[in-house]
There are 2 protein chains.
Amino acid sequence: MTRRPPRPRERGIPEATVARLPLYLRALQALDERGTPTVSSEELASVAGVNSAKLRKDLSHLGSYGTRGVGYDVEYLIYQISRELGLTQDWSVAIVGVGNLGRALANYGGFGTRGFRIAALLDADPAVVGDAVAGLRVGHIDSLEEVVAREHVSIGVIATPAAAAQGVCDRFVGAGVTSVLNFAPVVLNVPDGVDVRKVDLSIELQILAFHEQRKADGRGGPEWIEALEA
Amino acid sequence: MTRRPPRPRERGIPEATVARLPLYLRALQALDERGTPTVSSEELASVAGVNSAKLRKDLSHLGSYGTRGVGYDVEYLIYQISRELGLTQDWSVAIVGVGNLGRALANYGGFGTRGFRIAALLDADPAVVGDAVAGLRVGHIDSLEEVVAREHVSIGVIATPAAAAQGVCDRFVGAGVTSVLNFAPVVLNVPDGVDVRKVDLSIELQILAFHEQRKADGRGGPEWIEALEA
DNA sequence: TGGTGTGAATTCCTTCACAGCG
DNA sequence: CGCTGTGAAGGAATTCACACCA
């Protein structure tokens, strides 16, 4: 039992850190556009909405890119985080389901910050197939496998009704896609090695409702968050 | 002498648990529609996509609603979770920003599972104001405060461009809203006591890209292969 | 001096393993 | 028995606090 895993693997960045890197990246880009050459962990943390100790710890997983007594070089840090996230290459994305949500996604300008290319929009509804959306022609779902292969799609986005989601997911996986972003309110079953992330409006609303109720219960004041030490 | 208050949260259900309750609820509703009267933690966990120990631990925070040797009564558990999440009452929601995303949200049928009522759709664009969307007339953003007061809005949804989000958020907060669901890619600043949850497409894509890159690198870090148990 | 990088302490979450009840 | 509920162990993430360096 004397294994020693205290080293966060040369290449092993904690999940929680990975989930925050995009936040830092966005904050840095905002600073960069404003012409700011360097930032301290305190400033950057404040812009990104986290505390500075967490930010420094997160960045330390990437390497020592800061300068003591000074801070971080904005452009250099943008590059390092981008590289770590894999944004220095382009990823092809296919969106299935071209309803309002699919259109919203397709029109999501710049797609965050480059690094992603919408390779295809697919739908099952003949009334939608052929439409021009965000400069692309909507294709038929039947061409999914062909499109994935031709466009080297590596991320599949599912914006279909719940009932269709698992079927679309299976086809993505069958076609070799190993990353799926799911907007349909269902739990997708996928084999090991396939990553699924889900975005679910109603779950977020329900979490808010829980806290809202909590606040309403604790009539009396703002101490609902504070210690209830007797 | 500075003993930190050890208990910031006394009667609290862990955040991680709260975030999963909606999943269990959805799984239970699916089972209920299929006519299943009872489930074991094993079955329910499988449907919800978590492991059974976690599920039991989560449910134990609500109380002892299961029967040893049998499992959980589906309908009863639905009721208990709904109550805990505050879904036995209706929450009024106002959506600001009626682009494709706002429309997608407005048309999100049943809004998860009842418990939520879209009280208003607001936009700043005169070309959109007056439109009928999801059975509602789109109002002008100027009426935000009035609408919040009249409809007792408790959850504000921001589906505007990034540049407008903080302003809308400030107006929500000023009008007394204490829960905000933000779809715009910015970090919102809010006073204590206001809950913000964010849904961010590009962050999710970037997290997927990170893992996708990791898989492509292949050599060295086969931690995602570790699930070769089965 | 000012601010990074990081061991150590702390808190939070997950998983194990089994006592005990229906 | 079978399955829940839960202490206890194990891990992960956060926060503290300060050594150390540009």
Side-chain angles (χ1 to χ4, degrees), chain A residues 1-9 12-21 23-24 28 36-74 76-77 80-81 207 225 227 229, chain B residues 2-21 23-24 28 36-74 76-77 80-81 207 223 226-227 229:
Chain A
M1 292 266 247
T2 334
R3 265 277 142 102
R4 38 176 51 209
R7 278 290 147 177
R9 282 290 142 61
I13 298 178
E15 256 319 290
T17 294
V18 172
R20 282 186 296 265
L21 290 180
L23 226 57
Y24 304 152
L28 285 164
T36 315
T38 62
V39 268
S40 67
S41 62
E42 202 69 56
E43 295 168 311
L44 181 53
S46 147
V47 177
V50 303
N51 85 25
S52 64
K54 194 189 288 188
L55 179 125
R56 286 199 304 278
K57 177 73 88 180
D58 282 343
L59 294 185
S60 77
H61 291 295
L62 310 191
S64 290
Y65 298 138
T67 307
R68 291 165 197 251
V70 177
Y72 301 90
D73 182 274
V74 172
Y76 185 55
L77 195 49
Q80 290 299 343
I81 293 179
I207 295 171
I225 241 178
E229 288 273 53
Chain B
T2 12
R3 274 269 183 93
R4 299 258 82 182
R7 283 288 147 191
R9 158 172 304 164
E10 184 56 30
R11 301 228 48 156
I13 296 179
E15 258 316 293
T17 295
V18 172
R20 282 185 297 265
L21 290 179
L23 271 178
Y24 304 152
L28 285 162
T36 314
T38 63
V39 268
S40 67
S41 62
E42 202 70 55
E43 295 169 310
L44 182 53
S46 147
V47 177
V50 303
N51 86 24
S52 64
K54 195 190 288 189
L55 179 126
R56 288 200 300 281
K57 177 72 86 182
D58 282 343
L59 294 184
S60 77
H61 291 294
L62 312 190
S64 290
Y65 298 137
T67 307
R68 288 163 198 254
V70 177
Y72 301 90
D73 181 273
V74 172
Y76 185 54
L77 195 49
Q80 291 298 343
I81 293 179
I207 295 171
E223 46 196 302
E226 74 187 324
E229 298 274 11

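Remember, it's a predicted structure, so these values are computed and weren't measured experimentally. For the numbers below, each heavy atom of this structure counts, side chains included, while hydrogens, waters and symmetry mates do not. Chain identifiers are assigned alphabetically (A, B, ...) following the order of the sequence lines, protein sequences preceding nucleic acid strands; residue numbering begins at 1 within each chain.
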Problem set entry | Phosphate OP1/OP2 of D:dG5: any B:Tyr72 side-chain N/O under 4.0 Å | yes
Problem set entry | Full working for side-chain contact (heavy atoms from CB on, under 4.5 Å) between A:Val39 and A:Leu28 | CA-CA 9 Å; A:Val39 268; A:Leu28 285 164; 4.2 Å; yes
Problem set entry | Distance in angstrom units between B:Asp73 CG and C:dG22 P, rounded | 17 Å
Seminar exercise, completed: Value for CG (B:Leu44) from OH (B:Tyr24), rounded to nearest 0.5 Å, stands at 8.0 Å
For this session: For A:Glu42 and C:dG5, give me the distance from atom CD to atom P, rounded to whole Å.
Result: 14 Å
Problem set entry | Rounded interatomic separation in angstrom, taking CD from A:Glu15 and P from D:dA12 | 12 Å
For this session: With a 4.0 Å heavy-atom cut-off, tell me which residues in residues 48-58 of chain A come close to DNA chain C, sorted by residue number.
Result: A:Arg56, A:Lys57
Exercise. Any side-chain heavy atom of B:Leu77 sitting closer than 4.5 Å to one from B:Leu59?
Worked result: yes
For this session: Could you list the residues that satisfy side chain to side chain donor-acceptor pair (under 3.5 Å) with B:Ser40, not counting sequence neighbours?
Result: B:Glu43
Exercise. Roughly, in whole Å, what's the span from CG in A:Leu59 to C1' in C:dT6?
Worked result: 13 Å
Exercise. Where the side chain of A:Ser60 is concerned, which of C:dT4, C:dG20, C:dT6 is the nearest nucleotide?
Worked result: C:dT6
Problem set entry | Length of the CG-P vector between B:Leu44 and D:dG5, whole Å | 12 Å
Problem set entry | D:dT4 phosphate, OP1 or OP2, under 4.0 Å from B:Ser41 side-chain N/O | yes
For this session: Indicate, with a heavy-atom threshold strictly under 4.0 Å, whether B:Gly69 touches base, sugar-phosphate, or nothing.
Result: base
Problem set entry | Residue whose nearest DNA chain C nucleotide is more 5′ - B:His61 or B:Arg68 | B:His61
